[in-house]
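What follows is a set of notes on a single structure, which appears directly below.
Residue numbers run from 1 in the order of the sequence given. Hydrogens, waters and symmetry mates are skipped; everything else that's a heavy atom, side chains included, is used.
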Amino acid sequence: QVQPVESGGGLVQAGGSLRLSCAASGSSFSGYTTGWFRQAPGKEREFVGGITWTGGSIYYADSVKGRFTISRDNAEKTIYLQMNSLKPEDTAVYYCAADPYGGRRSAAREYGYWGQGTQVTVSS
């Protein structure tokens, strides 16, 4: 199994940028579906974007298209979420998730392995 571990959260001003990292502990992400989710207080956990490591397909929620970019390292140990043009409504705890199914998935219930989350706060 793989254990995602997030890092890189923090406080940033609106319009600024932040890059989150998700490292695969215990294994690699090879063959997995991996994704980023976020959850604001009182809100449901929301899909941000994902990548299928077998097919290399990258997909995003409409709310972040054009602003956020997902990438991965060649060792298949880390995925990244580059967040640009941040808005106050992007404030949330951001989670990295993985599942051995490997296909495109955008629902939290479809992921079996989760990181602990990292706080992103965007000030206005």
Side-chain angles (χ1 to χ4, degrees):
Q1 67 176 43
V2 65
Q3 176 61 56
V5 181
E6 308 99 330
S7 62
L11 175 65
V12 64
Q13 293 182 338
S17 298
L18 204 61
R19 189 176 81 157
L20 306 183
S21 298
C22 175
S25 178
S27 186
S28 76
F29 287 127
S30 181
Y32 280 67
T33 292
T34 52
W36 288 97
F37 292 79
R38 64 187 182 185
Q39 188 165 23
K43 303 286 187 179
E44 268 192 15
R45 191 162 296 186
E46 174 191 20
F47 174 74
V48 174
I51 180 169
T52 60
W53 287 70
T54 298
S57 177
I58 301 174
Y59 47 104
Y60 304 93
D62 288 341
S63 60
V64 304
K65 284 182 179 177
R67 299 189 298 122
F68 292 9
T69 303
I70 293 173
S71 60
R72 62 186 181 185
D73 74 325
N74 292 332
E76 301 179 326
K77 293 284 289 184
T78 309
I79 63 170
Y80 304 94
L81 181 67
Q82 177 66 47
M83 304 183 292
N84 299 324
S85 301
L86 282 163
K87 306 173 181 179
E89 51 262 46
D90 294 319
T91 296
V93 176
Y94 282 70
Y95 297 90
C96 179
D99 194 90
Y101 176 81
R104 292 168 64 101
R105 293 288 182 268
S106 58
R109 66 180 183 274
E110 296 173 317
Y111 288 82
Y113 302 98
W114 291 84
Q116 82 287 350
T118 185
Q119 177 71 47
V120 172
T121 303
V122 184
S123 61
S124 59

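- Here R109 contributes atom CZ and R45 contributes atom CZ; the two are 14.0 Å apart, rounded to the nearest 0.5 Å.
- Annotation for S124 and A14: closest pair CA-CB, 4.3 Å, computed over non-hydrogen atoms.
- Considering all non-hydrogen atoms of both residues, F29 and K77 come closest at CE1-O, 3.8 Å.
- Residues W114 and C96 have side chains not in contact (no heavy-atom distance under 4.5 Å, counting atoms from C-beta outward).
- Taking all atoms of both residues into account, the shortest heavy-atom contact from V2 to A24 is CG2-CB, 3.4 Å.
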Derivation and outcome, side-chain contact (heavy atoms from CB on, under 4.5 Å), residues L81 and R38: CA-CA 12 Å; L81 181 67; R38 64 187 182 185; over 6 Å; no

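- Across all non-hydrogen atoms, the minimal contact from R67 to S85 is NH1-O, 3.0 Å.
- Here Q3 pairs with nothing under the side chain to side chain donor-acceptor pair (under 3.5 Å) rule; sequence neighbours left out.
- Going from atom CG of D99 over to atom OG1 of T52 covers 12.5 Å, rounded to the nearest 0.5 Å.
- Note on V48 and Y95: separate hydrophobic clusters, where clusters join Ile, Leu, Val, Met, Phe, Trp and Tyr whose side-chain heavy atoms are under 4.5 Å apart, directly or indirectly.
- Taken to the nearest 0.5 Å, the OG atom of S7 stands 8.0 Å off from the CG atom of L20.
- Taken from CD in E76 to CZ in R72, the straight-line distance is 6.5 Å, to the nearest 0.5 Å.
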Return all side-chain donor-acceptor pairs below 3.5 angstrom for residues 53-60, not counting sequence neighbours, or 'none' if the list is empty.
unit_1	atom_1	unit_2	atom_2	d
W53	NE1	T34	OG1	2.7
S57	OG	R104	NH1	2.4
Y59	OH	R105	N	2.9
Y59	OH	R105	O	3.0
Y60	OH	I70	N	2.9

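- The ring pair (Phe, Tyr, Trp, His ring centres under 6.0 Å) test applied to Y111 returns F37, not counting sequence neighbours.
- The closest side-chain heavy-atom distance from Y94 to E6 is not below 4.5 Å.
- Proximity of M83 to V120: side-chain heavy atoms (C-beta onward) are separated by under 4.5 Å at one or more points.
- The side-chain hydrogen bond (donor to acceptor under 3.5 Å, both in side chains) pairs that include a residue from residues 9-29 are S17-N84, where partners are two or more places apart or lie in different chains.
- Contact check for Y113 versus P100: side-chain heavy atoms found under the 4.5 Å cut-off.
- The side chain to side chain donor-acceptor pair (under 3.5 Å) check on D62 picks up K65, with sequence neighbours excluded.
- In terms of hydrophobic clustering, with Ile, Leu, Val, Met, Phe, Trp and Tyr side chains grouped at heavy-atom distances under 4.5 Å, F68 and V12 are assigned to a common cluster.
- Two different hydrophobic clusters hold I51 and F47 under the rule that ILVMFWY side chains link at heavy-atom gaps under 4.5 Å.
- Taking the side chain to side chain donor-acceptor pair (under 3.5 Å) definition, one finds that S123 meets it with nothing, sequence neighbours left out.
- Proximity of T91 to Q119: side-chain heavy atoms (C-beta onward) are separated by under 4.5 Å at one or more points.
- Side-chain contact between S63 and E46 is present, with heavy atoms from C-beta onward closer than 4.5 Å.
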